[in-house]
Amino acid sequence: MNVIGKVTVLPQLPAGISRLSELAYNLYWSWTPRAQALYADLDAAIWERFQQNPVRTLLEVPHARLQEVAADPAYLARYAQVMADFDAYMGQQDTWAARNAPDMKPVAYFSMEYAFHESLPIYSGGLGVLAGDHCKSASDLGIPFTAVGMLFHQGYFTQLFDRDGWQNEIYEDLDLTTLPLRPALTPNGQEARVSVKIGARTVHVRVWTLQVGRIRVLLLDTNVPENSEDDRKLTARLYGGNQELRVQQYILLGVAGIRALRLLNVPADVYHMNEGHAALMGLERIREYVAAGLDFRTALETAASSTLFTTHTPVAAGNDAFTFDLMDRYIGEWPAQLAASRDELYALARHDQNWDGQLVPAFSMTVFALNLSRAANGVSELHGEVSREMWKFLYEGAEAEEVPIGHVTNGAHNLTFTSQAMRDLLSTVLPADWTGRLEDEAMWQAVEKLTDEQLSTVQREMKRDMIGFVRRRMREQMLRNGASAADVAATDTLLSGDALTIGFARRFATYKRATLLFRDRARLSRIVNDPARPVQFVFAGKAHPADNPGKAFIQEIYRVSQEPEFRGKIVILENYDMNVARQLVQGVDIWLNNPRRPLEASGTSGMKASFNGSPNFSVLDGWWREGFDGTNGWPIGEEREYADLNVQDDADAYSLYEHLEEDIVPRYYGTQGGEGSWAHTVRRAIETASPRFSMQRQVIDYVQKYYRPLAARGTELSANGSARAREIGAWKTWVRQQWPHTSITAQAALPASTQPGQTVPVTAQVGPAGINLDELRVEAVLSRAGHLTRVPLLSQGDGTFRADVPLQESGLYSVGVRMLPVIPGLSNDLEAGLIRWANA
Ligand SMILES: *Cc1c(COP(=O)(O)O)cnc(C)c1O
């Protein structure tokens, strides 16, 4: 039809169930299956059709049906229980934060994408799930926290396969009135609008509020009438456009995001940049201080002092970088606003790129974020190491291990991904308050009390649900693609509830090697078609719309799934989203992940499967390198990297088949009790992964390791009109200017060989070029077996420094002497970025 306008008629809820509407607007329901059931039971078909969206369901369900449930005592009893739990959650005083961090300062968290629930498709994959889960646990822990993101009104895409298994992308405009969003209101009750200049244009931004338990998420939206048609589309799609669009989206997230916080009077003492997308918040924070009268360097030190940057990308090419020309077009006016020169500003982001065989200076979001923060981290231990190696070049003269990038290993929000059946089972052995202390490792040992029988009953039930879901989805897909009646009918017998079922679902980036399993088809066929011990696989995943190699992987899996020997036993599902993820992590027996090490920064889907008693079977990369303990799942390949990717793929595929044939399949179908039993591995998976890889543990780590120290640092540097920041900024400028004129020579009386515990005298002669001697750390650096020890040399007053340096262990030592400028109050010794080594 020709639509001339739209109107939303709001539902009138009967008095007995009137709070269903309030609950629909708090994403508390997204991790509370019993709350979801209240909406699903109004009308199961509507619930499924609209992506399990409570707001939409209330809009669509006929009034008569609402009155019916409002008169149903059983429904009302469940409603009362859910509301009581919700009130208890919202009103909880005795939170983790109240007990452990009562003086904690508020945090503002910026991320390009958030995955809270499938009905709000403003995420693409793991990064979004991580950000959404971070918010949920911040709420659970009771920490003062506000998140900022973007409202993509066409979201990411819906994935449909054509008859040949090729991915097509569908974009649909979201109808915002059917989502749990409300316009953010300013303190005097106005709908919040901020504006930001992008190049020469002024772009207007509407701000939405999303309530996630006790915390708030602010979402930015340029789709307002005040904007030009083009600008209205700036927030249409996530990762949709070219470099030009990306930069503009980064300006919106960073700059408009800070302005939204200010307009709404949201307190923030710590700023967390989740990935380089958020780096441009630094521009606005510096501008604020410059506008208040500070000089550029002081403003920069002040803003950076309270900022944390989390990097997620272990490949250099995955880090966004833009030409200076392009940046000029969009942030050309910023240097003047920051009282800085263009060179000064761009130097903070410079990372030369080899583009088309030429070395080109580029503006790297990651480098900018590193320079505009005073703490940075990767997302697993191995990823921390990889990141230090990758960004070492920014700290000339430093060894990788001293690069100031730490790590906090990722987690997942347990309750979002754990089935109600498993939660009920866990509740029989865990203490009543278990959902409030998920990080408590000792508590989880009670899982040992679950019997084999109890676990297999619940897991069979979860598997049956998942298979039902897969069949329904495949049937829809077949019908849409005009499949034959026989093919449609065959979806009723897809997968068996009795076969060992392995899940593989993730973004189809090529490094994730989705087709590794098919390297030896004949061997795979023997495994799958063993009549006594069959094995089946469920795949799902989206490729980025521009990633044709990723789409080819999808098609290859689809084609394999259509071959007679694999039909009904290997399935690939469309449209991997939060819903499909939950179904799979809850319903499969094992979770498979075989990325090319070390490219999986962390990975989180295997954690979710482990929470549900589906052990992880993965390359020892990311979290699994820390999580695997020999009893709680299986490794693939070895803890090493390969020069030849083909050799690596062969070795890993071989290892994959071996583990399946030699351990996993016999164990699953075996009759051994005790440590040889399947249930033993299941219990170990649940009890080890649930606490250690809970999002709760992750957020607590951020609080202890970063949020609290940064809040203290920010307070110190900004006190008294940023007096300390001014000193540090001025001092850095001065030492950087003098540094080229400094010198150091050193002598060490090293014998050819010596005994452990002996010392050697080391002396250095320093030319300080006017830098205060007590602002120079002169040190001997001992390297032994790949590990550094630093021994300070003491000033003798005349530019000479010396110490007797102990050689504690036997072995081969390399000895160097260097100096670096330090003053108290720096976030780390490399903050000034200056190191001078003495020559041999
Ligand atoms: C958990 C999750 C991911 C991330 O999983 P990885 O293990 O990092 O691949 C991606 N998409 C969805 C929908 C998820 O739930």
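These numbers come from a predicted model, not from an experiment. Read the numbers this way: they start at 1 and go in the same order the structure lists the ligands and their atoms.
Annotation: atom 11 (N) of ligand 1 to nearest protein heavy atom, Tyr576 CE2, 3.4 Å. Of the protein's non-hydrogen atoms, Lys512 NZ, 3.1 Å is the one closest to atom 9 (O) of ligand 1. The nearest protein atom to atom 4 (C) of ligand 1, hydrogens excluded, is given as Gly126 CA, 3.4 Å; this is a heavy-atom distance. Residue, atom and distance of the protein heavy atom nearest to atom 7 (O) of ligand 1 are Ser605 OG, 2.6 Å.
Proximity of the aromatic rings of Trp47 and Phe50 is defined here by a centroid distance below 6.0 angstrom, and this criterion is not met.
Close approach to Gly603 involves these atoms of ligand 1, each under 4.0 Å from a residue heavy atom: 7 (O), 8 (O). Residue contact check: Gly125 has heavy atoms under 4.0 Å from atoms 10 (C), 11 (N) of ligand 1.
Annotation: cation-pi geometry not satisfied between Arg237 and Phe157 (NZ/CZ under 6.0 angstrom from ring centroid, within 45° of ring axis). Cation-pi contact between Arg506 and Phe508: absent, since separation from the ring centre below 6.0 Å together with deviation from the ring axis within 45° is not met.
When the heavy-atom distances from atom 3 (C) of ligand 1 to Lys608, Arg506, Arg507 are ranked, the shortest goes to Lys608.
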Let's go through Arg34 and Asp424 carefully: what are the C-alpha distance in whole Å and the side-chain angles of both, what is the deciding distance for salt bridge (charged side-chain N to carboxylate O under 4.0 Å, His left out) to 0.1 Å, and is it a yes or a no? CA-CA 11 Å; Arg34 293 218 163 102; Asp424 291 344; 3.2 Å; yes

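Ion pairing between Arg582 and Glu118 holds under the 4.0 Å rule for side-chain N and carboxylate O.
A side-chain contact (heavy atoms from CB on, under 4.5 Å) with Gln159 is found for exactly one of Ile170, Asn168, Ile554, namely Ile554.
Heavy atoms of Val129 found under 4.0 angstrom from ligand 1 belong exclusively to the side chain. For Asp577, every heavy-atom contact with ligand 1 shorter than 4.0 Å involves the backbone, none the side chain.
Aromatic ring pairs are classed by plane angle as parallel below 30°, tilted from 30° to 60° and perpendicular above 60°; the pair His134 and Tyr702 is tilted.
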